[in-house]
Amino acid sequence: PVMNPSTPALVQASFAQVQTLGPQVATLFYARLFEIDPDLRRLFKSDLGDQGQRLLAMLGQAVALLDRPERLLPVLRQLGARHQGYGVQASHYATVGQALLNTLAAGLGPAFTPALRAAWTEVYGVVAQTMQAGALEALPA
């Protein structure tokens with residue numbers, strides 16, 4: 001998947017702002033995720049504080065590699081394969097995307113402009129598509 005050339009820089013700059021909000025971003029994200037689909041709570045076996053730190057670290061790693069797809073895409077495929085093993089289904093990706101955009105809108109406020117929303121939507125589309133491809137590759141033949 002090819003991204004709009006301006007997307008990586010837009011998303012990287014806004015993620016730097018998101019990181020200043022600290023752990024509350026993850027708290028907001030999971031609250032929104034379980035509000036949209038309470039059934040997803042059962043997929044999270046570990047403490048949500050730890051899970052939130054891992055989520056932000058993974059998101060940070062992906063955002064940092066946005067302008068280097070040759071490094072990013074294999075990592076996302078592996079992540080998709082791992083998540084398939086956790087019981088994540090294709091339909092969950094849309095729910096996670098919605099929760100992510102809602103969290104960014106809440107965390108960034110007026111700075112979350114329509115252009116920034118479009119950039120994050122594009123990035124999440126690439127992430128979800130690539131992870132789902134990795135999940136399919138991990139299925140037993």
List in chain and number order the residues that pass side-chain contact (heavy atoms from CB on, under 4.5 Å) with [X], two or more places apart in sequence or in another chain; answer none if no residue qualifies.
X	answer
Val127	Leu76, Val123, Met131
Ala64	none
Ala105	Phe112, Arg117
Asp50	Asp47, Gln53, Arg54

How many angstroms lie between [atom1] in [X] and [atom2] in [Y], if you round to the nearest 0.5 Å?
X	Y	atom1	atom2	answer
Leu66	Gln12	CG	CD	5.5 Å
Leu104	Leu28	CG	CG	10.0 Å
Thr27	Leu48	OG1	CG	8.5 Å
Leu10	Thr113	CG	OG1	7.0 Å

Does Gln132 reach the main-chain N or O of Gly80 with its side chain, forming a donor-acceptor pair under 3.5 Å?
->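 The answer is no, because no donor-acceptor pair under 3.5 Å joins these two groups.
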Determine the minimum heavy-atom distance between [X] and [Y], stating which atoms define it.
X	Y	value
Gly107	Leu21	O-CD1, 3.5 Å
Asn4	Glu122	N-OE2, 2.6 Å
Ala26	Leu56	CB-CD1, 4.4 Å
Leu72	Ala62	CD1-CA, 3.7 Å
Glu137	Arg77	OE2-CD, 3.6 Å
Thr7	Ala119	CG2-O, 3.6 Å

Pairs where residues 40-66 contributes a residue and the test ring pair (Phe, Tyr, Trp, His ring centres under 6.0 Å) is met, not counting sequence neighbours |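 Sorted pair list: Tyr30-Phe44, Phe34-Phe44.
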Contact check, side chains of Val126 and Leu73, non-hydrogen atoms, under 4.5 Å =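 In contact.
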Validation row: Pro38, Arg41 side chains within 4.5 angstrom (heavy atoms) =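 When only atoms from C-beta onward are counted, Arg41 and Pro38 do not touch, as no gap falls below 4.5 Å.
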Mind checking whether Val75 and Leu55 sit in one hydrophobic cluster, side chains of I, L, V, M, F, W, Y counted as touching below 4.5 Å?
->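 As far as the 4.5 Å side-chain criterion goes, Leu55 and Val75 are not connected within one cluster.
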Give every donor-acceptor pair under 3.5 Å between a side-chain atom in residues 89-103 and any protein atom, sequence neighbours left out.
{"unit_1": "His92", "atom_1": "ND1", "unit_2": "Gln89", "atom_2": "N", "d": "2.9"}
{"unit_1": "Asn102", "atom_1": "OD1", "unit_2": "Arg32", "atom_2": "NE", "d": "2.5"}
{"unit_1": "Asn102", "atom_1": "OD1", "unit_2": "Arg32", "atom_2": "NH2", "d": "3.0"}
{"unit_1": "Thr103", "atom_1": "OG1", "unit_2": "Ala99", "atom_2": "O", "d": "2.7"}

